[in-house]
Amino acid sequence: MDLGPIDYLLWLIGFSAEVAVVVCSIKRRNFLRYLPLNLYVGFTALVSVGEFYCLHKFGFASAEYNYFYYYSDSLLTILLFFVIMQFYQHVFSEMHVSKYINALAIFLLFGTAAFSYMVIAQHKDHLTTRFAVDLSRNLYFVGVILTYVLWGAVLKLRETRTHLIQLVLALGVFFSASAATYALRNLFPGLELSVLKWMPPVVAIWLPAAWAFTFMKVSEGERLETTQLLARAR
Amino acid sequence: MIIAALIFVISLALLLQFFVSYCRSVIAASRKSELSERVREVAGIHDQTVRGEEFTRLIQLLHLCPGRGDDTGELRAVGVYYALLDAMNKAFRPMSLAVARWAEAERESCSYFAAVALDRRISYSRELLAQQISGSL
């Protein structure tokens, strides 16, 4: 299957947004403050280039592209867990619990690695893309739950930093949309080459675009009442 | 199959919650800005609030006005949120007045957000024009 203009456009938008996040955060002197986030986005940009190369050299339906896509996706998701952990540290910064959060991050990383190893060991005879889809779906779902707990903490602690709130919410949208897409692929495999083909690239654009917007438009000192964000019918 | 269905339902519910909160956080920032007389005149806004149904017209005006292009993403996200609210307003009006009223208030916030974006673009256009005039003199 050849690449169409929409594929090129989506790739270009995604890559530009990823570069924009890193550039904006350097310009606003936020690079070290959000180091895991910037490393994640930087690696995502590198993976985007790798994907583009595989797509060109081997084609969309090739095993090389599929393995590169799914396994780099799983690794990036694990990297994204560190971003969540840093957001936890920012939210709980005044409570001086960073050593517990670090311990939790290490536990989570080893837990995820052990779980993945056990699943791989069970499936080593037939390591298929179906397995990779299941692994990505589970990793994204763990991300959804972690982000939801973080969002609960933001509301409970009445966090007012607009910057942090928007970064967390954008991440929540990304994780839940990704998990829903992967689950939908499991439920309706027939849709994989039609509607669901466009979902991962569109969702992948969302996160760097929303983060770039936050770094560009929202100043570090801006404040927001979290009660304004809860949707309640009066 | 059951696990996939469960993950889908939970993720979809949380996606909605995250997306609504995200849009509200973007819109909340615009609430602090006062609309200028210029944009009120251009868009025909006479009250303090901007009616919900004005949103589409304001977006059309925005497309006519050149901008820096840095607000496209947020306008798109709020546009999706507005479409969601519009559908909700139509669906819930006969059933629950409270939900319909809430959706209408949110639609007004979306319109106000669009009016603030239009205000920014008008200021930008005027700056450009002033620069061009001073350059040609």
J.: Flag yes if more than 12 heavy atoms outside B:Glu41 fall under 6.0 Å of its CD atom; otherwise flag no.
T.: no
J.: More than 12 foreign heavy atoms under 6.0 Å from CZ of A:Phe31: is that the case here?
T.: yes
J.: Which atoms of A:Ala17 come close to chain B, meaning under 4.5 Å heavy atom to heavy atom: side chain ones, backbone ones, both, or neither?
T.: neither
J.: Mind checking the CG-CD spacing from A:Leu169 to B:Gln17? Nearest 0.5 Å is all I need.
T.: 9.5 Å
J.: Quick check on A:Arg29: does its CZ atom have over 12 non-hydrogen neighbours (other residues, nucleotides or ligands) under 6.0 Å away?
T.: no
J.: Any chance CD of B:Glu127 has more than 12 other-residue heavy atoms, nucleotides or ligands included, within less than 6.0 Å?
T.: yes
J.: Look at atom CD1 of A:Ile26 and say whether more than 12 heavy atoms of other residues, nucleotides or ligands are closer to it than 6.0 Å.
T.: yes
J.: Measure B:Val26 against the heavy atoms of chain A and call it side chain, backbone, both or neither at under 4.5 Å.
T.: both
J.: Are more than 12 heavy atoms, taken from residues, nucleotides or ligands other than B:Arg126, located less than 6.0 Å from that residue's CZ atom?
T.: no
J.: CZ/A:Phe141 to CD1/B:Ile10 distance, rounded to the nearest 0.5 angstrom?
T.: 4.0 Å
J.: Can you tell me how far the CG atom of A:Leu187 sits from the CD1 atom of B:Ile2, to the nearest 0.5 Å?
T.: 11.0 Å
J.: Hey, what do you get for OG (A:Ser176) to CD1 (B:Ile7), rounding to the nearest 0.5 Å?
T.: 12.5 Å
J.: How long is the span from the CD1 atom in A:Ile145 to the CG atom in B:Leu14, to the nearest 0.5 Å?
T.: 6.5 Å
J.: Around A:Ile6, counting heavy atoms of other residues, nucleotides and ligands shown, do more than 12 lie under 6.0 Å from its CD1?
T.: no
J.: Set out, in order, the CA-CA distance, both residues' side-chain angles and the distance that settles side chain to side chain contact (heavy atoms under 4.5 Å, CB included) for B:Phe18 and A:Phe174, then state yes or no.
T.: CA-CA 9 Å; B:Phe18 281 128; A:Phe174 171 76; over 6 Å; no
J.: Using non-hydrogen atoms and a 4.5 Å limit, figure out which bit of A:Thr147 sits close to chain B: side chain, backbone, both or neither.
T.: both
J.: Taking everything shown except B:Arg57 itself, do over 12 heavy atoms lie less than 6.0 Å from its CZ?
T.: yes
J.: Could you check which of A:Ala177, A:Ala212, A:Ala183 has the highest count of heavy-atom pairs closer than 4.5 Å to chain B?
T.: A:Ala183
J.: Hey, what do you get for OG (B:Ser21) to CG (A:Leu155), rounding to the nearest 0.5 Å?
T.: 7.0 Å
J.: With the side chain counted from C-beta on, respond yes when A:Tyr140 and B:Ser11 share a heavy-atom pair under 4.5 Å apart, and no when they do not.
T.: no
J.: Do you know the tightest heavy-atom contact between B:Tyr22 and A:Ala170?
T.: CD1-N, 4.0 Å
